[in-house]
Amino acid sequence: MNTILACLDANMRYGIRTACAIVLATFVSLFFHFQDPFWAAITAAVVMMPTLGANLERGGSRLIGTFLGGVLGFITAGFVIHSYVLFLLAIFLFVGGALFLSFTTKRPYAYVMLGITAYMILGELVYKHEQIFQITIWRITDITVGVLSAWLVSYFVFPLRSKDIMIKKIRASYGGCVEYFDYVMQLYLQQQPATDNTDYKTILDNLNAAEELIGQSKVELTTTTSEHVMINRMLLSLKRITRQIRNLDSQFQTSQQYQLLNHPKLNIASVIKPIETCLKDLNTLSPNATACISVCHDMLSSIAACTERFHQLREQGIVKQFPVEDAMQAHSFIGNINALAHEIENLMLNMPDEKTIEQQKRIIENTSFFNFSEKEEAIKQSIKGGLSAVLAMVIWVFTDWPGGLQGIVSATIVSAQKNIYDSQLMGELRLLGCLFGGGAGIIALYFIHFNLSTLLLFMFIVCSFFAWLTLKSKTYGYGAIQANFAFILAIVHSPGPATELSAPLERVAGIVLGITAAMIVAKFLWPTHPKRLLNRGILDALTKIKTMSHALCQQKITDQDKNIQDRIAINTLIKRNRTLLNTIQVYHHEEHDYVITAQKNLNLLSELVTNLYSMIDNIDYEKAKTSAETYHLSLQQLLDETNTCIEQLNLEENKILFPKSSTNQLETLKSHLKQSLQQIRQQARTQGTPTREITHLFKFLNDSQQLLNLLLNKS
């Protein structure tokens with residue numbers, strides 16, 4: 001079996017696991033004559049996730065949300081059964097409150113299930129109020145059987161553990177670091193860009209994905225506490241190593257500034273090879289301690305020898321034969337290589353201590369990912385969701401619309417989307433999936449004479465296919481999930497297969513009702529266009545960048561907790577903005593010009609953030625100020641003027657622009673900075689300024705130049 005499984009790709013294995021869970025839940029619910037056995041099968045389908053840890057988390061959230069929602073719905077039913085106004089008010093509060101909590105907490109699915117279960121129990125008051133207790137019990141039982149079926153299959157049928165994926169992501173990050181380091185070295189030493197087969201963002205994405213899987217592996221009980229600490233330490237150190245390589249990459253200027261690095265007596269190649277060896281050895285994830293000590297010793301010894309050779313070249317007057325800035329860049333390069341080597345040494349031998357890891361985790365957990373405007377938007381979305389559910393309920397009651405309860409579920413899910421494009425797509429995928437899945441079920445009922453074994457076999461084939469489609473497309477996979485739901489509804493009924501078409505037809509009608517109610521509310525009450533959200537998100541990110549620049553100008557960057565929180569907030573904003581851009585790009589292709597402009601805006605924000613991070617992390621301002629005073633240069637004035645330029649950036653007509661009226665100011669500052677650099681080069685040559693003292697000043701001036709070039713491109 002394992003040999004056969006090895007020939008299948010991840011999507012096919014997921015499809016088989018999902019189908020097994022659905023079949024198991026169906027068999028149990030039919031064997032014990034559940035009232036609505038399809039709910040157990042649907043639950044198994046929706047709980048099944050690609051990894052065991054995600055499955056356990058989602059199943060646990062569904063169980064908790066269903067139980068609490070069932071209890072609240074049953075209790076509330078006794079108070080609202082005789083008042084239509086209180087009945088609608090309860091639905092509004094349950095749906096709206098659940099959506100708000102799902103938008104603003106770290107357990108969204110549990111709250112969504114709480115709201116859906118509570119108002120589904122209340123919805124049964126319309127026609128089955130005398131059976132409300134039995135309905136509540138059966139609902140909880142169905143969900144429990146579905147969740148347990150998914151868990152059992154995840155454990156025993158082709159289990160895919162989060163720990164295994166996490167290790168693969170970490171290995172991929174190591175491999176990416178080796179390739180990225182090799183690319184940067186070719187950039188410096190061969191004086192020309194090499195073929196870049198790596199992506200800095202991909203490395204970070206792999207590290208972030210591995211970090212997210214840590215929580216899932218805890219749920220799986222596949223790693224010990226000491227292993228969690230070790231993995232956390234490894235990820236933190238690897239992020240630092242990647243950032244050091246990124247700093248080397250971002251500081252590359254022009255090939256003419258690095259001629260000194262190729263001097264044969266400097267022998268930079270002797271430094272690079274040990275670092276590459278260390279990075280490759282780390283890829284084993286469990287290197288031999290004795291070997292690590294030996295490799296680290298070779299690496300640090302080679303860097304120390306290179307540093308000594310550089311000083312000898314300077315004493316011999318060879319360094320003076322090169323431009324001053326070339327000497328500064330060479331010294332800076334060696335310093336950055338040394339910092340990178342120490343990060344590698346920390347990972348191989350010491351690694352960050354547990355206290356540092358816990359501090360980082362505490363900062364992240366206590367960082368609010370929602371600013372005021374986002375919480376205001378969450379309140380609006382929650383109100384719209386509650387009103388959509390109420391509107392669907394009113395239409396159902398007054399028109400006797402078929403599938404009314406499912407219509408309320410659809411109204412809630414469609415209105416839970418944060419912009420009109422996503423709501424529209426969710427509605428379309430929900431309807432199309434229902435038509436395809438329901439159609440498959442109807443065809444099966446017409447052509448196949450079912451007994452239990454035939455039913456389960458046919459379910460396995462069809463459900464595995466739809467589950468396989470789910471992972472084929474991140475954007476459209478939701479339609480395949482809905483197809484599975486509709487197919488299950490069509491053929492799974494007690495005491496045996498359905499003999500009529502009422503169930504699939506009612507689901508189609510209910511989905512149409514829910515989509516209609518949600519879109520009516522979305523169109524007329526606070527219509528949320530993704531372009532508006534994206535523009536506001538870009539403006540918020542720009543504001544945070546200005547705040548960071550101001551803190552740098554005032555040199556108020558010593559609070560590490562605040563520094564980390566600011567970085568998390570900016571990175572989260574940019575990530576959300578890219579998601580919104582993808583929404584516009586995927587769903588509305590005709591807005592090509594806007595997409596290009598927004599992409600340029602986000603790229604500019606990312607470049608500004610990277611540049612400011614480099615200035616914060618890599619420059620000792622006290623040393624830079626001391627060197628600047630030697631050349632009668634006011635470093636604080638340059639900081640103030642640069643900060644003033646950043647503060648003048650604004651979003652105008654969907655573009656981040658530097659005001660045209662202030663372009664002269666930017667040009668003047670750049671010209672002044674260029675003259676200062678030339679002056680320092682000339683004076684440093686004649687005065688013989690020590691390389692170590694002037695390095696941080698050159699770092700500051702070069703980073704400032706890059707910053708001004710970014711701003712000039714938008715002027």
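- Proximity of a side-chain donor or acceptor of Ser382 to a complementary backbone N or O of Phe100 within less than 3.5 Å is detected.
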Can Tyr155 and Arg161 be said to form a side chain to side chain contact (heavy atoms under 4.5 Å, CB included), step by step?
CA-CA 9 Å; Tyr155 266 111; Arg161 302 185 185 278; 4.3 Å; yes

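- For the pair Phe133/Phe74, a side-chain contact is recorded, criterion being any heavy-atom separation below 4.5 Å from C-beta on.
- Within the 4.5 Å cutoff, the side chain of Leu525 has no heavy atoms near those of the Lys380 side chain.
- Judged purely by atom type and a 3.5 angstrom limit, Ser423 uses its side chain to pair as donor or acceptor with the backbone of Val414.
- When all heavy atoms are compared, the tightest approach of Leu99 to Gly385 is CD1-CA, 3.6 Å.
- With rounding to the nearest 0.5 Å, the separation of CD1 in Ile132 from CD1 in Ile137 is 11.0 Å.
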Under the side-chain hydrogen bond (donor to acceptor under 3.5 Å, both in side chains) criterion, do Thr412 and Tyr119 qualify, and how do the steps go?
CA-CA 10 Å; Thr412 303; Tyr119 74 69; 3.0 Å; yes

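- Residues Ile491 and Met459 have side chains in contact (heavy-atom distance under 4.5 Å, counting atoms from C-beta outward).
- Here the CG atom belonging to Leu513 is positioned 8.0 Å from the OG atom belonging to Ser410, to the nearest 0.5 angstrom.
- In this structure, Asn484 contributes its side chain and Phe466 its backbone to no donor-acceptor pair below 3.5 Å.
- By the 30° and 60° cut-offs, the orientation of the rings of Phe458 relative to Phe487 is tilted.
- Rounded to the nearest 0.5 angstrom, Thr583 OG1 and His529 NE2 are separated by 11.0 Å.
- Each of Leu455, Leu452, Ile22 was checked for a side-chain contact (heavy atoms from CB on, under 4.5 Å) with Phe27, and the lone residue meeting it is Leu452.
- Not a single donor-acceptor pair under 3.5 Å links the side chain of Ser473 to the backbone N or O of Leu469.
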Without placing hydrogens or testing angles, list every side-chain donor-acceptor pair under 3.5 Å for residues 82-96, not counting sequence neighbours.
| unit_1 | atom_1 | unit_2 | atom_2 | d |
| --- | --- | --- | --- | --- |
| Ser83 | OG | Leu86 | N | 3.2 |

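- Inter-residue side-chain proximity for Phe485 and Val46 is flagged as met; some heavy-atom pair is nearer than 4.5 Å.
- At least one donor-acceptor pair closer than 3.5 Å links the side chain of Arg17 to the backbone N or O of Pro50.
- The NZ atom of Lys169 sits 10.5 Å away from atom CG of Leu207, with the distance rounded to the nearest 0.5 Å.
- Between Pro530 and Tyr421, the shortest heavy-atom distance links the atoms CG-CD2, 3.3 Å.
- Taking the centre of each ring, Trp138 and Phe34 come in below the 6.0 Å mark.
- Here the side chain of Gln482 pairs no donor or acceptor atom with the backbone of Tyr478 at under 3.5 angstrom.
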Walk me through whether Asp36 and Trp39 qualify under side chain to side chain contact (heavy atoms under 4.5 Å, CB included).
CA-CA 6 Å; Asp36 294 316; Trp39 278 121; 3.6 Å; yes

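- Between Ala411 and Ala518 the shortest heavy-atom distance is O-CB, 3.7 Å.
- Between Gly407 and Ala392, the closest heavy-atom pair is O-CB, 4.2 Å.
- Under the 4.5 Å side-chain criterion, counting only non-hydrogen atoms from C-beta, Gln406 is not in contact with Ile511.
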Set out, in order, the CA-CA distance, both residues' side-chain angles and the distance that settles side chain to side chain contact (heavy atoms under 4.5 Å, CB included) for Asn55 and Met48, then state yes or no.
CA-CA 6 Å; Asn55 194 327; Met48 184 60 68; 3.2 Å; yes

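- Here Glu377 pairs with Arg532 in a salt bridge; the nearest charged N to carboxylate O distance falls below 4.0 Å.
- Asp540 places a side-chain heavy atom less than 4.5 Å from the side chain of Arg536.
- Under the 4.5 Å side-chain criterion, counting only non-hydrogen atoms from C-beta, Arg430 is in contact with Val409.
- Looking at every heavy atom in both residues, Ile488 comes nearest to Ala41 through CG2-CB, 3.5 Å.
- Lys384 places a side-chain N or O within donor-acceptor distance of the main-chain N or O of Trp526, the cut-off being under 3.5 Å.
- When only modelled atom types and interatomic distance are considered, Arg139 and Thr66 share no side-chain donor-acceptor pair under 3.5 Å.
- A donor-acceptor pair is defined here as one N or O able to donate and one able to accept, closer than 3.5 Å; such a pair exists between the side chain of Asn577 and the backbone of Leu573.
- Cation-pi check for Arg58 over Tyr109 is met; the charged atom lies under 6.0 angstrom from the ring centroid and within 45 degrees of its normal.
- Residue Ser162 comes nearest to Ala54 through the heavy atom pair OG-N, 4.4 Å, listed as atom of the first residue, atom of the second, then distance.
- Judged by distance alone, the side chain of Trp396 and the main-chain N or O of Pro402 form no donor-acceptor pair under 3.5 Å.
- Taken from CZ in Arg107 to CD1 in Ile64, the straight-line distance is 8.0 Å, to the nearest 0.5 Å.
- With 3.5 Å as the limit, one finds a donor-acceptor pair spanning the side chains of Asn419 and Asp422.
- Side-chain atoms of Ser464 come within 3.5 Å of backbone atoms of Ile461 as a donor-acceptor pair (strictly under, hydrogens ignored).
- Remark: Ser415 engages no residue in a side chain to side chain donor-acceptor pair (under 3.5 Å) (not counting sequence neighbours).
- Side chains of Tyr111 and Ser61: no donor on one and acceptor on the other come within 3.5 Å.
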Using side chain to side chain contact (heavy atoms under 4.5 Å, CB included), reason through Tyr476 and Leu425 one step at a time and then give a plain yes or no.
CA-CA 9 Å; Tyr476 303 109; Leu425 181 76; 4.0 Å; yes

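- Residues that satisfy the side chain to side chain contact (heavy atoms under 4.5 Å, CB included) test with Ile135, not counting sequence neighbours, are Ile121, Glu124, Lys128, Gln131.
- In this structure, CE on Met120 lies 11.0 Å from OG1 on Thr136, to the nearest 0.5 angstrom.
- At least one side-chain heavy atom of Ile420 sits less than 4.5 Å from a side-chain heavy atom of Met519.
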